[in-house]
Structure formats: C-alpha cells, structure tokens
Amino acid sequence: YANIAGAWLALVWPFCLAALLQPALNRLRRSMALAVAIAVVAALVLTDSRNAWGGLILAIPFVLGPARWPWLLPLMAMALMPVILAVVPGTPSGLQQWARTLVPEGIWARLNDMRYIQERELMSTRLSQWGVALQLIDLRPWLGWGAAAFSVLYPLRTGRWHGHAHNLPLELAVSHGLPVALLVVGTVLALLITALRRGVFNAGDLTNRGLSSTVFDRAWWAASLILVMMHATDMPFFDSRLNIAGWILLAGLRCIIFSQQPRQRSGSELDDDVGSAVPG
C-alpha cells in the first residue's frame, strides 16, 4: 500500500538527513550516508504517495534548523513554485503550460489527480468521507457510535465502502466521541509544542553540545511531526509496525522534554559549593 510504504520511508528520511549532516564523518562514512539517503529519497518518490512527498519536503527545513532558514526557505520556495503553478487551478494557461514543461508529468498529474479524475466520483474522495464523518459526529458527539462504526455507517449513507474516515481525529470522534478525540490529539500536540518551546530548534551550530541543539533531536521532532501530519489524510497507524514506531517517537519526545528541564541541585551539591567558596 503506497501510503504505508511512504509513511515508513518519510519516517526514516529525517534520520538519514541528520546522519548525512554530521560534521565529523570521514569520506567513506559520508559516502555511505549519502548513498542511503539517495536510496530512501528515490524509493519514497516511487511510492507515488502524496503524503510521503509532503513529508520529504517538510523534513528538510526542520532537520537543518533555523540557522539555515534565511537562505533555505527562499531556495525551497523557488524550487517549489513551478510545481505549484503546474497544479493550482486558475493559473493562467500559458504560465501553467510553461510550468508543466519543467515539472515531470508524473508529479503534477498525481498532485491534482488527473490520472483518476474520470474514474473517481465525489463520493469516493476524502471530502465526502470527512463530510459524512462530521454528520455522524454531530448526531452523537459525546460517546460516538462505537469502534469501527465508520466502516458500517458510511456504506449505509453513500452506497460505497470505506474502512475508515482517512483522518485520525474524525475517526476517533466518530467511534468514541469528541472528548476522547480531543484528549488524544491534544496530548500529541502538547508533546510536539512543548518540545519545540524547550529548544529543540535551537539556532546554534550543529556541533553545539547539549540535546536541545543537536541535529538528531530535530530529526526526531521532524519525524514525529511527519507521522502526525500523515494522519490528517490517512490512517497509517493501522499498520502495527508504524503504530509501534509512532509510540516510540512520542516517548522520545517526552524524554527530550525531560532532558531539557533545568536539573534541580541536591543538598549535598549545594553544601559542596558553599564549602568551596569558604577560604581554608
């Protein structure tokens, strides 16, 4: 399944990039890291998963860190502009045709679903699934309809089968109610935001000491964000291995938060400091 394979590769990509950025690597190890990174990117692109493509782009500025944003973000915007012009409806036809000559057809056609536009009706799109999910939530907002209810109720309303709502907050709210959805989603967002505020994206150099400024902490945060974002349009956590990987990432965020808290000094340490300050 493209989105599952894409989720795995997008999860690994920030760590490949972090390994490649390590300044102390010798030529052989850097070549090996580069080869692995290129292989992961190639496999990720070939999955044809738009979620994975988004994760590929999203990870780059977060792993490189804010110190590189003044030149990195404009460069990425310039590189992505032809893709945007080739895909966005309403772009002047001449400009759009020019952009489509620069961007491979396999990319812009996939991004605007031109391959499937005649085969797919509105009832089979994400928008229809989300609309039905919102209707079901409105009818039973507090306790929901029960586990896996969407796969039963959606066919009754539309005549088409879909196993889930392709959005984790909506799926949780349909099955178990809004309080459960808010509790789960709020906990995950709190971990991401707290780790961010504690200095994961410290603008210091990659070689600075301390967990708050290391490139691998940024890669860990970026991988967590990518997996969270993927659950906005699909449900990759139904794959048990991705589910376990997601919980490991969340546990790691909590460890990063703990490691960045100021360490309280014990009484013996204070006594030693006082003793060393007294002459003789």
Side-chain angles (χ1 to χ4, degrees), residues 1-11 43-58 83-84 86-91 104-185 188-189 226-246:
Y1 183 55
N3 281 348
I4 296 297
W8 267 112
L9 293 166
L11 205 66
L44 189 152
V45 172
L46 291 174
T47 62
D48 214 25
S49 168
R50 290 170 292 186
N51 283 351
W53 293 354
L56 173 66
I57 302 300
L58 184 65
V83 179
I84 296 172
V87 172
V88 173
T91 303
E105 183 178 354
I107 294 179
W108 62 259
R110 179 68 178 118
L111 289 175
N112 64 5
D113 259 356
M114 281 193 63
R115 296 179 183 176
Y116 316 103
I117 196 168
Q118 295 180 350
E119 303 174 8
R120 301 181 65 185
E121 301 176 2
L122 178 62
M123 296 305 297
S124 66
T125 62
R126 297 283 195 271
L127 294 177
S128 170
Q129 297 158 24
W130 297 341
V132 172
L134 290 173
Q135 294 172 14
L136 296 173
I137 295 169
D138 184 59
L139 293 174
R140 299 191 64 176
W142 297 110
L143 298 177
W145 295 82
F150 186 88
S151 61
V152 177
L153 298 174
Y154 186 80
L156 295 177
R157 288 175 171 259
T158 65
R160 295 177 178 271
W161 185 86
H162 279 290
H164 51 78
H166 286 86
N167 179 281
L168 181 57
L170 292 180
E171 181 73 17
L172 287 172
V174 169
S175 298
H176 307 292
L178 282 173
V180 171
L182 292 174
L183 181 62
V184 174
V185 175
V188 174
L189 293 180
I226 288 171
L227 192 58
V228 168
M229 295 297 293
M230 285 187 168
H231 283 86
T233 56
D234 206 347
M235 307 278 282
F237 88 102
F238 280 139
D239 180 275
S240 59
R241 294 156 297 183
L242 275 172
N243 197 326
I244 294 172

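Counting begins at 1 with the first residue of the sequence.
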Output side-chain donor-acceptor pairs under 3.5 Å for residues 131-150, partner residues at least two apart or in another chain, one line each.
unit_1: Q135; atom_1: OE1; unit_2: R157; atom_2: NH1; d: 3.2
unit_1: R140; atom_1: NE; unit_2: G144; atom_2: O; d: 3.3
unit_1: W145; atom_1: NE1; unit_2: L136; atom_2: O; d: 2.9

Result block: side-chain N/O donor-acceptor pairs under 3.5 angstrom for residues 166-182, not counting sequence neighbours:
unit_1: H166; atom_1: ND1; unit_2: Q129; atom_2: OE1; d: 2.6
unit_1: H166; atom_1: ND1; unit_2: H164; atom_2: O; d: 3.4
unit_1: N167; atom_1: OD1; unit_2: L170; atom_2: N; d: 3.0
unit_1: N167; atom_1: ND2; unit_2: A232; atom_2: O; d: 2.9
unit_1: E171; atom_1: OE1; unit_2: A165; atom_2: N; d: 2.9
unit_1: S175; atom_1: OG; unit_2: E171; atom_2: O; d: 3.1

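Between A245 and L11, the closest heavy-atom pair is CB-CD2, 3.8 Å. The shortest non-hydrogen separation linking I226 to G55 is CD1-O, 3.4 Å. In this structure, Y154 and W161 approach most closely via the heavy-atom pair CD2-C, 4.5 Å. In terms of heavy atoms, A5 sits closest to T47 at CB-CG2, 4.2 Å. Heavy-atom minimum distance, A86 versus W108: CB-CB, 4.0 Å. The shortest heavy-atom contact between V88 and T91 is O-OG1, 2.9 Å.
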Before giving the answer on side chain to side chain contact (heavy atoms under 4.5 Å, CB included), spell out for D239 and W8 the whole-Å C-alpha distance, their side-chain angles and the decisive distance to 0.1 Å.
-> CA-CA 10 Å; D239 180 275; W8 267 112; 3.8 Å; yes

Assess whether side chain to side chain contact (heavy atoms under 4.5 Å, CB included) is satisfied between L242 and F237, documenting all intermediate values.
-> CA-CA 5 Å; L242 275 172; F237 88 102; 5.8 Å; no

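D234 is linked by a salt bridge (charged side-chain N to carboxylate O under 4.0 Å, His left out) to nothing, counting only residues two or more places apart in sequence or in another chain.
Between atom CG of residue N3 and atom CG of residue N51 there is a gap of 4.5 Å, rounded to the nearest 0.5 Å. Atom OG of S128 sits about 7.0 Å away from atom NE2 of H162, to the nearest 0.5 Å.
Annotation: side chain of I107 is in contact with side chain of W53 (closest heavy-atom distance under 4.5 Å).
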